[in-house]
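Within every chain, numbering begins at 1; the chains are lettered A, B, ... in the order of the sequence lines, protein sequences first and strands thereafter. Side chains included, hydrogens not; waters and symmetry mates left out as well; all remaining heavy atoms used.
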Amino acid sequence: MSAPQIPDNASVRAAALRAAIEQHNHAYYVLDAPTINDAEYDCLFRELQELETQYPALYTSDSPTGRVGAPPLSKFLPYTHRQPMRSLNNAFNTAEVHAFDERVRDRLEAAGIISSGARVGYAVEPKFDGLAVNLCYERGVFVAGATRGDGTIGETVTANLRTIRSVPLRLLLNNAPALLEVRGEVLMRKQEFLHLNAAQHAAGKKLFANPRNAAAGSLRQLDSRVSAKRPLFFCAYGVGEGGNALACDTHASQLAWLRQAGFAIASQSTVVNGEVELLEAYQKIASMRDELPCEIDGVVYKVNDLAAQRALGYVSRAPRFAIAHKFPAEEARTRVLDIEVQVGRTGAITPVARLQPVFVGGVTVSSATLHNEGELRRKDVRIGDKVRVRRAGDVIPEVCAVLLDERPAGAPPFVMPVHCPECGSPVEKGPEEAVARCSGAMICPAQLRETLLHFASRRAMDIEGLGERLVGQLVEHGMALSPADLYRLHMSQLAGLERMGETSAKKVLTAITASKHRELARFVYALGIRDVGEATARDLARRYGSIEALRLADCESLQKTPDVGPVVAQSVYRFFHEPHTSGALDALLAVGVSPTGAPASDGAALPLVGKQLVLTGTLPHLTRNDAKALIESAGGKTTGSVSTKTDYVVVGADAGSKLETARQLGLTIIDEAGLYELLHTDAPPASGG
DNA sequence: GGGCCTCGAGATCA
DNA sequence: CTCGAGGCCC
C-alpha cells in the first residue's frame, strides 16, 4: 500500500494554513488581540485537518492540528534537561533582600565588574505560581517539553504542552539557534480556573483546590486530549541551552527576544537599579497582586547583565545572581481540636496540633506540627485555643501564634507525656537534646512501623506493595517484629489481612524476596542508622564494599569516609555494636539478605532496563546489529514489530510502515541522537568508533 | 504537607 | 466502585 502522491499545491497550502493559524493563535493567546473571528479560524483549521487526513505524510510535528491532543501515553518518559533547571533561593523580608544585594555587589566589585558604590541593574518580574517546564526547540520547531523533576531529569510531557496555545510550535524568528531550551511556567488564570471548577461541578466531578494544582493535574494527564480541554497558559521567563547563541547581553534582552519569538512574557517585567528600586518594584507588583490574571507568590530579582551573572555563578543548586522575594504567607485563624503526639522511626516524640480544617494558601490545613517540646512551650498552644496558621515557605503548615484573648477559660497547658503513647516505655530526653524520644525501640509499635516502612521504601530496599496499610497490619498482628521477619512471611499469614487477596499477597512476597539482593548502599541506608542518610550510606558502601567490613570498622576508620565526622562515626559504630541493632542485622543476614557489593545505581548504569525498542530505517552511524547490541547492553530489548508495549521507536532514513504504526499508537519516536541520549552517552564521532 | 494523577486489585452489587 | 500504593509538584 503506497502513500498517495502529494500534489505540490497541497503542501504549499498546508504550510500556508499552518503559518496563518499559528499567527492567529499567537494574536489570540499571547497578545490577547484576536485578528480573526472564531468561525473563520475554525474554517482554516478544518481545511488543514482535511488536507492532513487526505495526505497523512503532510502532517508535521509543528502542525496546529496537533494541539487537539494525541492518543494516550502509557507513561511519561524521563527527560534529561540539557542544562539543569535550578531552583531559586528565597528572601522573606527586606533584610534578606538587602543581604542579597550586598553579596552581589561585593562579588561583582571583587571581580572588577562594577565599581565601588555602583548600583546593580536587576531584572524584576512576578513569580508566577504554576509549574516550571522546559521547552526544547530544534531549528525553531518545538520538539519536546518536560517538567522540572529534580532539576536534572524531569518527565516528558510534550504532547500535553503541544496543546497549550501559547506554546509556539514554531518560533516566529528565523535566527533561532539550532537548539534552544525555553524555560517558563505553565499556569491557569484565576478566572479560567473558576470556570473550569464550575464545569467540573456541573459535571459532578471533583473540584480543584487552586489554579496551580489544576494546572499541574492537567499537565500530568496521560491523555493529552484531556489537557487540550484545560485552559492552560505558558509564560516564558528564561532560556537554558542555546541561550548564548541568542547574542543577548542582558536578561531583559533575552526576554525581549522570547517575546519576538512568540512567547508570552510577564508584562510587569522591568529593569531597576539598586536595592531601593528593587523594593519599590516589589511593592508595585504586590499592590497589583489581586488584579493580576494569574496567581503569584512573590517577585523574582535577577542580575540583568549576563556577564555579571556568569561571574556570580551558582552555589549548590541555586544561582547567586537571582533570588525570589516571597510575599508573606497568607494566614488564617482556626481552632486547635486536639494535640497528639507522634512517634517517629527514631522514637522522636513530635506534638501535632489537630486543627479545625481551614483553607489557607490554596489548601485545606487540618494539622500542623508543633515540632518539639520547646517550640510548644514557647508558643504555649493548648487544646481549644484559637490560633493563627500559615504555610511556612508556602509548604508546611505552621501554627504562628495563639490568640490569647480567645482562649477558653480553664484550658490547661499541654504537658508532654512521660510515657510513650504507643508502647508505654519511658520518654527520655538528654540535657542537650531538643527532642524527647521513646525508649521502647522495636518494642514500640510506632517505631517498628516506621522502621519497616523506611526499610521497604523506594530509596532503600524498594519493596513494592509494602505500604503503610500493610505494615500497620503486620505490626498489629505480631507478624513482623523486625525487618528480618518480612522475609519469613508466608502466603497463609497474609491471606487473612484486609484488602490482601491472593494476587496482592503473591506480589508483595515476590517483591520481598527480590529485595534480598539490593546494592549495599541501599541496604546500609535501609538499616536506618541515626545520622546516615542516602548520601552517607553511599559513601560508606563505597569505602567498605561489604557489610562485614563496615561493621568491623572503628570510629577512626569511619571518619575517613567523606563527610563523616565524629558524630556520624559514633552513630554508625554504635549501631553495629549495640546488641539490639546488631542482632537485627544478624537476623537479616541469616534470612538470606545479601547486599551486593556493587555501588548504588545512580540510575545511569542501565538506563533502558525493562524498555522495549523497535528499530526501523537506516541509522546514520549504527548498523542494526550495533544498535541492538547497544540497547541490550543498556538493559533494553529490541523487537521486530511495533505494538502498544513498545517504549521507543528508533527511526532512521527511509523508515517504512513501522513509523506510521508508531505515530498512530502515539509512541515515542526518536532518532539515533535520541537513542544516544537515552543511553546517556555521547554520539560517536562521525567516522565510526 | 497537601493535592493531583494513575494503576491494580479488592469489595460490592446487579 | 473504592482503596491502597506509588509518583510528582510546589
Side-chain angles (χ1 to χ4, degrees), chain A residues 72-79 85 87-88 90 127-134 146-157 160 185-188 193 196-197 200 204-224 226-227 230 232 295-298 324 326 329 342 350 352-355 357-371 389-399 453 456-460 462-474 494-508 511:
Chain A
L73 275 46
S74 59
K75 66 191 154 183
F76 297 124
L77 297 169
Y79 181 98
M85 293 183 77
S87 47
L88 291 179
N90 291 325
K127 184 174 194 302
F128 289 113
D129 196 12
L131 279 86
V133 295
N134 184 23
T147 60
R148 207 187 88 88
D150 61 6
T152 306
I153 297 173
E155 286 184 314
T156 311
V157 288
N160 296 358
E185 202 84 354
V186 170
L187 304 160
M188 193 176 291
F193 162 73
L196 174 63
N197 257 0
Q200 292 282 111
K205 294 189 191 157
K206 270 193 63 192
L207 299 188
F208 292 101
N210 56 56
R212 198 198 73 74
N213 283 347
S218 302
L219 207 62
R220 292 193 50 75
Q221 297 283 343
L222 289 177
D223 188 347
S224 53
V226 178
S227 316
R230 301 282 172 78
L232 297 176
E295 293 206 330
I296 60 174
D297 58 0
K326 303 292 279 278
Q342 285 178 351
T350 310
V352 176
R354 296 285 160 215
L355 306 169
V358 61
F359 195 74
V360 54
V363 299
T364 305
V365 169
S366 49
S367 64
T369 173
L370 298 166
H371 297 109
V389 297
R390 68 173 174 203
R391 297 213 297 148
D394 266 348
V395 180
I396 296 156
E398 176 185 66
V399 170
L453 277 172
S457 68
R458 191 167 67 92
R459 313 190 82 96
D462 194 19
I463 304 176
E464 212 179 308
L466 197 59
E468 243 171 73
R469 187 66 194 226
L470 179 55
V471 164
Q473 292 187 74
L474 292 177
L494 294 180
L497 302 178
E498 279 171 62
R499 291 195 78 82
M500 212 10 93
E502 201 183 330
T503 326
S504 300
K506 249 186 210 153
K507 264 193 172 175
V508 83

Residue pair A:Ala209/A:Ser504 against DNA chain B: nearer the 5' end by closest nucleotide is A:Ala209
Would you indicate what A:Ser218 reaches in the nucleic acid, counting non-hydrogen atoms under 4.0 angstrom: base, sugar-phosphate, or nothing?
-> nothing
Which part of the nucleic acid does A:Glu498 contact within heavy-atom distance under 4.0 Å: base, sugar-phosphate only, or nothing?
-> nothing
What nucleic acid atoms does A:Ala214 come within less than 4.0 Å of, heavy atoms only: base, sugar-phosphate, or nothing?
-> nothing
Hey, does A:Arg469 reach any base, or is it just sugar-phosphate, or nothing, if we go heavy atoms under 4.0 Å?
-> sugar-phosphate
Boundaries of the chain A footprint along DNA chain B (any atom under 4.0 Å from a heavy atom) | B:dG1 to B:dA11
What is the 5' to 3' range of DNA chain C, first to last nucleotide, that sits under 4.0 Å from any heavy atom of chain A?
-> C:dT2 to C:dC10
side-chain contact (heavy atoms from CB on, under 4.5 Å) partners of A:Arg459, counting only residues at least two apart | A:Tyr525, A:Glu534
With side chains defined as the heavy atoms from C-beta onward, is the minimum distance between A:Leu219 and A:Val133 less than 4.5 Å?
-> yes
Just grab all the side chain to side chain donor-acceptor pair (under 3.5 Å) pairs involving residues 213-223 of chain A, residues at least two apart or on different chains.
-> A:Glu155-A:Arg220, A:Ser218-A:Arg230, A:Asp223-A:Arg225
Give one of base, sugar-phosphate or nothing for A:Thr364, where a contact means two heavy atoms less than 4.0 Å apart.
-> sugar-phosphate
In plain terms, say whether A:Lys127 and A:Glu185 are close enough for a salt bridge, that is, a side-chain N and a carboxylate O under 4.0 Å apart.
-> no
Kindly write out the residues that satisfy side-chain contact (heavy atoms from CB on, under 4.5 Å) with A:Thr156, not counting sequence neighbours, or none if the list is empty.
-> A:Leu77, A:Tyr79, A:Thr158
Is A:Gly465 touching bases, backbone alone, or none of the nucleic acid, heavy atoms closer than 4.0 Å?
-> sugar-phosphate
Can you find a pair of side-chain heavy atoms, one from A:Asn134 and one from A:Arg148, that are under 4.5 Å apart?
-> no
Give A:Leu207 one of three labels, base, sugar-phosphate or nothing, depending on what nucleic acid heavy atoms sit under 4.0 Å from its own.
-> sugar-phosphate
Under a 4.5 Å cut-off applied to non-hydrogen side-chain atoms, are A:Asp129 and A:Leu187 in contact?
-> no
Looking for any heavy atom pair under 4.0 Å, which part of the strands does A:Ala216 touch: base, sugar-phosphate only, or nothing?
-> nothing
Could you tell me whether A:Gly130 contacts a base, only the sugar-phosphate backbone, or nothing, with contacts defined as non-hydrogen atoms closer than 4.0 Å?
-> sugar-phosphate
Considering residues at least two apart in sequence or located in another chain, which fulfil the side-chain contact (heavy atoms from CB on, under 4.5 Å) criterion with A:Thr503?
-> none
At under 4.0 Å between heavy atoms, what does A:Val363 touch on the DNA or RNA strands: base, sugar-phosphate, or nothing?
-> sugar-phosphate
NZ of A:Lys75 to CG of A:Leu222: how many Å apart, nearest 0.5 Å?
-> 11.0 Å
When we call it a touch if two heavy atoms are under 4.0 Å apart, what does A:Phe208 touch: a base, just sugar-phosphate, or nothing?
-> sugar-phosphate
Counting any heavy atom closer than 4.0 Å, what does A:Leu219 reach on the DNA or RNA strands: base, sugar-phosphate only, or nothing?
-> nothing
